[in-house]
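Presented below is the structure to which this report refers.
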Amino acid sequence: MYIRKVIFAILCAIPFMTGCSDQDTDEPAVKNPSPKEQWGKTLMGNDGTIFAYPDLYVNYWEYTWRTHEQGNDHIALCIKGAFPSARFFSLSLYDDEKGEAIGGLADNEITPDEGSVNPFAESSSTPNFFTVYIVPSSATDEQIALLSSPNVCKLKEGVDQATIIIREYLGVDEYGGVELPEIRAIDLNTMKEVAAPLRMNSNVKNFATNYTELWSDQNQDMPFFLASRGDYYPNNSTDYLFARTILPDNQVLTFSFLPVPIPKTVEDYKGAPARYWSMCFGSALDTHSYYSVYDTQVGVPDGQKCTFVVCMKQNAQLEAVRQKVAKEQALGKSVQLIVWDRERKSVEGKEIGNCIVTLYRNILPNKEWEHSISKMIPTPYGDPVNTAKADSTRMIAHEALGDYGPYGMKYPTERFLSDEISFP
């Protein structure tokens, strides 16, 4: 009897050594919708529709399904596709009813298919492929061992509706130069391919925005704090410093800092202080982002400071502010001017106002790096200034990180234009 069981296990495993299907042919055993029909339409960070302050240079795709519907509780999803040409790529898994992150893989964690390499670990000019399995919480070790890839994410027990989100930063085109991955399904009881669950509507766009003015919005200074892990489909590969202020028409906001060094080649990715950084500016009224600047756009050499200047379009001296910034740039200084239009209309048709949230985003920050923002203690969004005073050397960025921590200050326009205010 024991020998029979071993033979049966081997026979079951053979079809999964090369892919998701129970037969290694060009024609799949089960007809599923095309990948672009399976995944939701492209959610673009730059089209003004996504909430929670997205980077303008990221695209998302989501697939949502009921995990216990029509036998789905013993179904493993097989996500099979090509690595995109992008700065960063990930698959994240969420409890769609809560927006809670429950797993996922960043690009550097994905083992490539046999015959492929991971282009986020070594440079490659040829197509490379991956396979990722999403298995139910009930999946046994024996069942998982029969799957064709070590890339396995397990659903959390009690999740009835799950969402997979693909993120791509700085893709070469809308899809990162590749097709979206195909989604197949395996019945773990029989190890046979079955029809993948049809995608259902996700809660990813159902985000409530409740604006409340903070007393600290009126302060002249604008310190930065490490954001707490959110419950709204967070990117677990990223840490954020945040700051918020109300900028009057007759004032100018400025901050300087040493940005995290970014790797120059794929081979430098491993152990780098961070993979990518950007500075994003969004409205506290609607949590949409309206401006983003990323690392290579700034183009600041490692070890040199960069400066951001934020001025209202409605500032009567905007042209003079532009001229000062241009003069500083002509001297070789790294200065980025953001002209904020408080009368600009959001996709919801409302003015975006003058309460600005600034996010300093670090993707795959190395927690071992001396100046990593990940070393800080998160600060709740509600009243960050008073809360952070309890441990300012670990919670206020410029105190915790020195020159690597941004720190903003608002100046009356006349003072900003004077020789008293200069940039590093």
Side-chain angles (χ1 to χ4, degrees), residues 51-55 98-101 207-248 251 253-260 273-274 277-290 292 308 310 338 340 352-363 365-411:
F51 296 100
Y53 308 110
D55 191 298
K98 299 178 181 178
E100 173 190 359
F207 183 77
T209 56
N210 299 307
Y211 169 73
T212 301
E213 185 173 332
L214 303 179
W215 65 269
S216 52
D217 292 339
Q218 303 293 345
N219 288 355
Q220 289 303 111
D221 66 337
M222 187 187 74
F224 282 73
F225 312 91
L226 181 65
S228 303
R229 279 283 178 223
D231 292 329
Y232 182 74
Y233 306 87
N235 181 354
N236 283 339
S237 299
T238 303
D239 281 331
Y240 310 84
L241 295 182
F242 75 93
R244 174 177 148 168
T245 196
I246 291 175
L247 183 61
Q251 295 188 16
L253 169 68
T254 182
F255 55 91
S256 301
F257 67 104
L258 281 172
V260 57
W277 73 263
S278 66
M279 196 65 70
C280 298
F281 301 84
S283 167
L285 295 180
D286 56 30
T287 76
H288 295 311
S289 292
Y290 291 97
S292 287
F308 284 81
V310 185
I338 305 298
W340 183 274
I352 66 175
N354 66 349
C355 187
I356 303 171
V357 173
T358 304
L359 285 184
Y360 176 43
R361 175 181 277 97
N362 283 198
I363 295 181
N366 182 348
K367 293 178 171 29
E368 302 305 315
W369 184 54
E370 180 183 2
H371 306 290
S372 176
I373 66 176
S374 303
K375 291 180 176 290
M376 294 174 57
I377 297 175
T379 300
Y381 186 70
D383 188 9
V385 177
N386 274 346
T387 303
K389 287 177 180 177
D391 196 349
S392 63
T393 58
R394 298 183 67 194
M395 299 179 76
I396 299 179
H398 66 282
E399 293 192 31
L401 307 176
D403 286 343
Y404 286 91
Y407 179 52
M409 184 67 68
K410 294 181 291 190
Y411 298 99

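The basis for the numbers below is simple: all heavy atoms, side chains too, and nothing from hydrogens, waters or symmetry mates. Nothing here was measured: the structure is a model prediction, and the numbers come from that model.
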_Minimum heavy-atom distance between Met279 and Phe308, given as atom pair plus value_ = CB-CZ, 3.8 Å
*Begin with the C-alpha distance, continue with both residues' side-chain angles, and end with the deciding distance and a verdict on side chain to side chain contact (heavy atoms under 4.5 Å, CB included) for Leu241 and Met376.*
CA-CA 10 Å; Leu241 295 182; Met376 294 174 57; 3.7 Å; yes
*Could you tell me which non-hydrogen atom of Gly405 sits nearest to which non-hydrogen atom of His398, and how far apart they are?*
O-CB, 3.7 Å
*For the student: nearest non-hydrogen atoms of Pro273 and Val260, plus distance*: CB-CG2, 3.5 Å
_Just verifying a value: how many Å separate Arg229 CZ and Asp239 CG, rounded to the nearest 0.5 Å?_
5.0 Å
*Trace of the side chain to side chain contact (heavy atoms under 4.5 Å, CB included) decision for Leu285 with Thr209*: CA-CA 7 Å; Leu285 295 180; Thr209 56; over 6 Å; no
*Side chains of Phe281 and Leu253 in contact at under 4.5 Å (non-hydrogen atoms)*: no
*Who passes salt bridge (charged side-chain N to carboxylate O under 4.0 Å, His left out) against Asp391, sequence neighbours left out?*
none
*Under 6.0 Å between the ring centres of Phe255 and Phe224?*
yes
*For Pro54 and Cys280, which heavy atoms make the closest approach, and how far apart are they?*
O-SG, 4.3 Å
*Side-chain heavy-atom pair Trp277, Arg361 within 4.5 angstrom cut-off*: no
*Quick check: does any side chain N or O of Thr287 sit under 3.5 Å from a backbone N or O of Ala52, one acting as donor and the other as acceptor?*
yes
*With rounding to the nearest 0.5 Å, note down the distance linking CD1 in Ile356 to CE in Met222.*
8.0 Å
_Closest heavy-atom pair and its distance - Ser283, Trp340_ = N-CH2, 3.7 Å
*Taking the six-membered ring for Trp, are Tyr381 and Phe242 parallel (under 30°), tilted (30 to 60°) or perpendicular (over 60°)?*
tilted
*Taking the side chain as C-beta and beyond, is there a heavy-atom pair between Asn235 and Tyr240 under 4.5 Å?*
yes
*Is the distance between the ring centroids of Phe257 and Tyr360 less than 6.0 Å?*
yes
*Rounded to the nearest 0.5 Å, how far does CG of Leu401 lie from CD1 of Ile373?*
8.0 Å
_Working to the nearest 0.5 angstrom, can you tell me the gap between Leu214 CG and Ile246 CD1?_
8.5 Å
*In Å, rounded to the nearest 0.5 Å, how long is the span from OG1 of Thr387 to CD1 of Ile396?*
10.0 Å
*Drop me the distance from Met409's CE to Asn219's CG, to the nearest 0.5 angstrom.*
9.5 Å
*Where the side chain of Thr254 meets the backbone of Lys410, is there a donor-acceptor pair that is under 3.5 Å apart?*
no
*Side chain of Thr245, backbone of Leu247: donor and acceptor closer than 3.5 Å?*
no
*asked:* How close do Ser372 and Lys367 get, counting heavy atoms only, and between which atoms?
replied: OG-CA, 3.9 Å
